[in-house]
Amino acid sequence: MMDIVPQIVAGAFLFAGAFFLLAGAIGMNRMPDLFTRMHAASVGDTLGVSLMLIGMVVLGGFTLVTVKLLFLLAFLLFMGPVASHALAAAALKAGVKPILAGKQAGGGKAEGHKPRKKSAARAATSGGGKP
Amino acid sequence: MLRTASVALFLFAFWLLLSGHYTVWLVTAGAVVSVALALLGLRFGFVDEEGHPSDRLLAGLRYWPWLAVEIVKSAIGVTRIILDPKLPISPQLFHAKVTARTPVGVATYANSITLTPGTITVAIDREHDRFLVHSLTKAGADDVEAGEMDRRVARFEGRDA
């Protein structure tokens, strides 16, 4: 009777985490371009994984394994955004054009610094090619 | 010097928590390696306020819970958009103002924006103190531009207004 409560709580956390991971996967398929897909994936990366790990902590009881799971959670939350940022920066530098809403307002703003990015990249490649 | 001791202490605690075997030999080895690594860090310069910002720990305890709530709120928001049959997205690419000055503050703000579902920091421009941010919706962009997170990161950084 005493250990059915943590089991139920852990199950709820794991179920919620699985829901958000699934939502992230569905979003990955539904979104139109790379950047919006990354937004969908980050739902699973942050909330989905966090809820899963919290569920495992509850399920495992309070041991050293709990500490390891919490370290894992902290590392994921510190490293995940670094990888996301690197991917987004690399995509923009490689010339992936994000789909933007309202071409007249948001698109114009983006167009303003797009050529700069491109010429900078071109200068870098031509500079690297000459010597 | 205090920071080096703190690094050694953190490394030793990390060793103890991961190991779980508390024999004299293993604990002593852990202590020796922790101190040696901390001294090595001092020698090679990664024991500084950027590499080991232990003085920001207390400020972090105030900032991280707020960030966790923000992550949950925006994750639910993005999930709603994903599961909406009409897929009501309005992607934006815009510049966000950065108040933070120290490397730790700027990295924390950039990571926090990326960690929050619906917004990604694409580029960091330290010269103009701004980030290039991609946002899934117009509302998400407005949230970042409102600057609530920016103010909290500045407070986390230790610049109490």
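In what follows, every chain begins at residue 1, and chains take the letters A, B, ... in the order their sequences are listed.
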Calculate, to the nearest 0.5 Å, the distance between atoms CE and CD1 belonging to A/M38 and B/I120 respectively.
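The distance works out to 3.5 Å.
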Taking atom NE2 of B/H134 and atom OG1 of A/T36, what is their separation to the nearest 0.5 Å?
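If we round to the nearest 0.5 Å, B/H134:NE2 and A/T36:OG1 are 6.5 Å apart.
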Apply the test side chain to side chain contact (heavy atoms under 4.5 Å, CB included) to residues A/H85 and B/I124: give CA-CA distance (whole Å), side-chain angles for both, the deciding distance (0.1 Å), then the verdict.
CA-CA 10 Å; A/H85 164 73; B/I124 293 160; 4.3 Å; yes
Which answer fits [X], side chain, backbone, both or neither, if we ask what part of it has an atom under 4.5 Å from a heavy atom of chain B?
X     : value
A/F71 : side chain
A/F35 : both
A/V65 : neither
A/L77 : both
A/V43 : both

Assess whether side chain to side chain contact (heavy atoms under 4.5 Å, CB included) is satisfied between B/L87 and A/M31, documenting all intermediate values.
CA-CA 8 Å; B/L87 203 65; A/M31 291 297 177; 4.2 Å; yes
Choice from A/A88, A/A90, A/G80 maximising heavy atom contacts with chain B below 4.5 Å:
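If we count pairs closer than 4.5 Å to chain B, A/A88 comes out on top.
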Name the region of B/T119, side chain, backbone, both or neither, that has any atom closer than 4.5 Å to a heavy atom of chain A.
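Only the backbone of B/T119 comes within 4.5 Å of chain A.
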Show the nearest heavy-atom pair for residues A/S42 and B/G118, with the distance to one decimal.
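Between these two residues, the closest heavy atoms are OG-N, 4.1 Å.
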Atom of B/L93, atom of A/L100 and distance for their closest heavy-atom approach
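Smallest interatomic distance, heavy atoms only, reads N-CD2, 3.7 Å.
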